[in-house]
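Before I ask anything, here is the structure I am working with.
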Amino acid sequence: MTDQPKFERFDDLGHGPAPSIDVPPARRFTSVEARIDAAAHRVLDALPAHGFAGALVEFTVFGLKQAWACLFGGLLLALIIASHQFWPENALLARYDVLFLTALGIQIAMLAARLETLSEAKVILIFHVVGTIMEVFKTAAGSWIYPEESIFRIGAVPLFSGFMYAAVGSYLARISRIFDMTYTHYPPVWSTALLAVAIYVNFFSHHFTIDVRYGLFAVTAMIYLRTVVHYRVFRIRHRMPLMLGFLLVALFIWFAENVATWSRAWIYPSQSHGWAPVSINKLGAWYLLMIISFVLVTLVHRPRQLDETH
């Protein structure tokens, strides 16, 4: 009965029985995270484990872990909003340059403070390069523009823009580690890599030939339809169809994009005369970008199969 949900009671530091798929905290947590986790357990272990109160504890831990995984992206979005509201127009340093230097400083600080692993930094670097290349092409094609001046830029693209893609990669890498994610029916890595390449190419090629995104949606369903992600919050291991997870993250990014365009981090042609909500049609593009993002993360953090013998 391997298709039945599995609910295994154990905590992050191994205070209860743990199956063999467990990853030691030393590998899942940075040294700082391990100390935070130990301090949290001194409080959480005394809280109710059953009923509504137990469910509320589980939900609260879920929210806290999500916020921790979003640390870099959340700080970057807060900077975008704050700089839009408070940065003076006649400042010596342009707003976009401040965003770039501050984002770079946050990354260095997170590594120095051991809030981020070196493997996550690799993911962020890969995303920065991949995202910046696409930004240079898309701005030249008129898909969107950056309306303000800056020094640190490539063509019409300020360098801080690459960190927005890196924020997605940072979140995915951190959440895979923090939630100790494992999978059932995960497809061969080579097939997901080919899909990611096809999606990335289509982001460019549809400007010159037909847009095959609907075909890519179909292929995505063929590859990931049976894949289930298993993740541990606090006391219980939960499960979710991976494609649903992609959609939820893409929706969250779409909300963040609305905030960022309102803050004029970048704007679409339809927003040139005043802000308007980003079309919900963009959700499809973010969904496909999620596939690229997730596949790139799996090249650094290889997906682990759930041991269903336990």
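What you see is a predicted model, and the numbers here were worked out from it, not measured in a lab. Hydrogens, waters and symmetry mates are skipped; everything else that's a heavy atom, side chains included, is used.
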Can you name the closest pair of heavy atoms from Phe204 and Met134 and give their distance?
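For Phe204 and Met134, the tightest heavy-atom pair comes out as CZ-CA, 3.8 Å.
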Between Tyr231 and Phe62, what is the ring plane arrangement, given parallel below 30°, perpendicular above 60°, and tilted in between?
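Rings of Tyr231 and Phe62: tilted, as their planes differ by 30° to 60°.
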Measure across Thr139 and Ala156 and return the closest heavy-atom pair with its distance rounded to 0.1 Å.
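So the minimum-distance heavy-atom pair works out to OG1-CB, 4.2 Å.
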Taking side chain as C-beta onward, heavy atoms only, is Leu76 less than 4.5 Å from Ile106?
no
Would you call Asp180-Arg304 a salt bridge at under 4.0 Å N-O?
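A salt bridge is present here (some side-chain N lies under 4.0 Å from a carboxylate O).
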Taking Ala167's backbone N and O only, do any of them form a donor-acceptor pair with Ser170's side chain (distance below 3.5 Å, no angle check)?
no
Go through Ser83 and Leu79 one step at a time and tell me if the side chain to side chain contact (heavy atoms under 4.5 Å, CB included) criterion holds.
CA-CA 6 Å; Ser83 62; Leu79 282 170; 5.7 Å; no
Looking only at heavy atoms, what is the nearest atom pair of Arg95 and Ile80, with distance?
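For Arg95 versus Ile80, the nearest heavy atoms are NH2-O, 3.0 Å.
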Ser279 backbone acceptor or donor facing Tyr268 side chain under 3.5 Å
no
Quick check: does any side chain N or O of Lys65 sit under 3.5 Å from a backbone N or O of Val233, one acting as donor and the other as acceptor?
yes
Taking C-beta and beyond as the side chain, do Leu306 and Tyr183 meet within less than 4.5 Å on heavy atoms?
no
Report the relative orientation of the aromatic rings in Phe294 and Tyr186; use parallel for angles under 30°, tilted for 30 to 60°, perpendicular for over 60°.
tilted
What is the minimum heavy-atom distance between Arg264 and Glu148, and which atoms define it?
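Looks like O-OE2, 3.9 Å.
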Working to the nearest 0.5 Å, report the span between CG of Leu93 and CH2 of Trp87.
6.0 Å
Using a 6.0 Å cut-off, check whether atom NZ of Lys122 has over 12 heavy atoms from anything other than its own residue.
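Incorrect, the count does not exceed 12.
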For side chain to side chain contact (heavy atoms under 4.5 Å, CB included), just list the numbers for Thr227 and Thr184, CA-CA rounded to whole Å, side-chain angles, deciding distance to a tenth of an Å, and then say yes or no.
CA-CA 6 Å; Thr227 306; Thr184 50; over 6 Å; no
Under a 3.5 Å distance rule, please check whether His84 uses its side chain to pair with a backbone N or O of Ser263 as donor and acceptor.
yes
Nearest 0.5 angstrom please: Leu64 CG to Phe234 CZ, how far?
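One finds 11.5 Å between CG of Leu64 and CZ of Phe234.
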Kindly compute the distance separating CD1 (Ile253) from CG (Leu289), expressed to the nearest 0.5 Å.
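Going from CD1 on Ile253 over to CG on Leu289, the span is 6.5 Å.
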Tell me whether Tyr96 contacts the main-chain N or O of Ala265 through its side chain, where contact means a donor paired with an acceptor under 3.5 Å.
yes
Begin with the C-alpha distance, continue with both residues' side-chain angles, and end with the deciding distance and a verdict on side chain to side chain contact (heavy atoms under 4.5 Å, CB included) for Phe100 and Arg153.
CA-CA 10 Å; Phe100 167 67; Arg153 63 193 301 119; over 6 Å; no
Expected output: side-chain Thr192 to main-chain Val189 donor-acceptor under 3.5 Å
yes
Return yes when atom CD of Glu89 has more than 12 non-hydrogen atoms of other residues, nucleotides or ligands closer than 6.0 Å, and no otherwise.
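Counting neighbours around CD of Glu89, 12 or fewer heavy atoms of other residues, nucleotides or ligands fall under 6.0 Å, so no.
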For His185 and Gln305, test the side chains for any donor-to-acceptor distance below 3.5 angstrom and give the result as yes or no.
no
Given 3.5 Å as the limit, does a donor-acceptor pair link the side chain of Arg174 with the main chain of Cys70, or not?
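No, Arg174 side chain to Cys70 backbone: no donor-acceptor pair under 3.5 Å.
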Exercise: identify the closest heavy-atom pair between Asp97 and Ile151:
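The answer is OD2-N, 2.8 Å.
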Verify the distance criterion only: is there a donor paired with an acceptor across the side chains of Trp275 and Thr261 at less than 3.5 Å?
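A donor-acceptor contact under 3.5 Å links the two side chains.
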Apply ring-ring contact (aromatic ring centres under 6.0 Å, His included) to residues Phe137 and Phe203 and explain how you reach the verdict.
CA-CA 10 Å; Phe137 177 85; Phe203 276 128; over 10 Å; no
Using 0.5 Å steps for rounding, measure from the CG atom of Leu248 to the CE atom of Met243.
12.0 Å
Residue Leu118 excluded, over 12 heavy atoms near CG under 6.0 Å
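Not more than 12 within 6.0 Å, no.
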Report whether Val168 and Val197 are members of the same hydrophobic cluster (ILVMFWY, side-chain heavy atoms less than 4.5 Å apart, transitive linking).
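Different hydrophobic clusters.
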Please check if the number of heavy atoms outside Met240 that lie under 6.0 Å from its CE is greater than 12.
yes
Can the ring centroids of Tyr224 and Phe246 be said to lie less than 6.0 angstrom from one another?
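Close enough - the centres of the two rings lie under 6.0 Å apart.
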For a side chain to side chain contact (heavy atoms under 4.5 Å, CB included) check, start with the C-alpha distance between Arg177 and Thr117, then their side-chain angles and the critical distance, and finish with the verdict.
CA-CA 10 Å; Arg177 177 170 57 82; Thr117 66; 4.0 Å; yes
Distance check, rounded to the nearest 0.5 Å: Thr102 atom OG1 versus Leu75 atom CG?
11.0 Å
Do side-chain atoms of Ser191 reach the backbone of Pro187 as a donor and acceptor pair under 3.5 angstrom?
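Checked: no pair found.
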Mind telling me whether Phe72 and Phe163 have parallel, tilted or perpendicular rings, with 30° and 60° as the class edges?
perpendicular
Side-chain donor-acceptor pair under 3.5 Å between Trp144 and Glu135, yes or no?
yes
Considering all heavy atoms, the nearest Val297-Ser176 contact
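Nearest heavy atoms, Val297 then Ser176: CG1-OG, 4.5 Å.
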Determine, using the 4.5 Å side-chain heavy-atom cutoff (strictly less than), whether Ile126 and Ile199 are members of one ILVMFWY cluster.
yes
So, taking the atom named CD1 in Ile133 and the one named OH in Tyr165, what distance separates them when rounded to the nearest 0.5 Å?
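These two atoms lie 11.5 Å from each other.
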Answer yes or no: is there a donor N or O on one side and an acceptor on the other, between the side chain of Glu116 and the main chain of Leu111, under 3.5 Å?
no
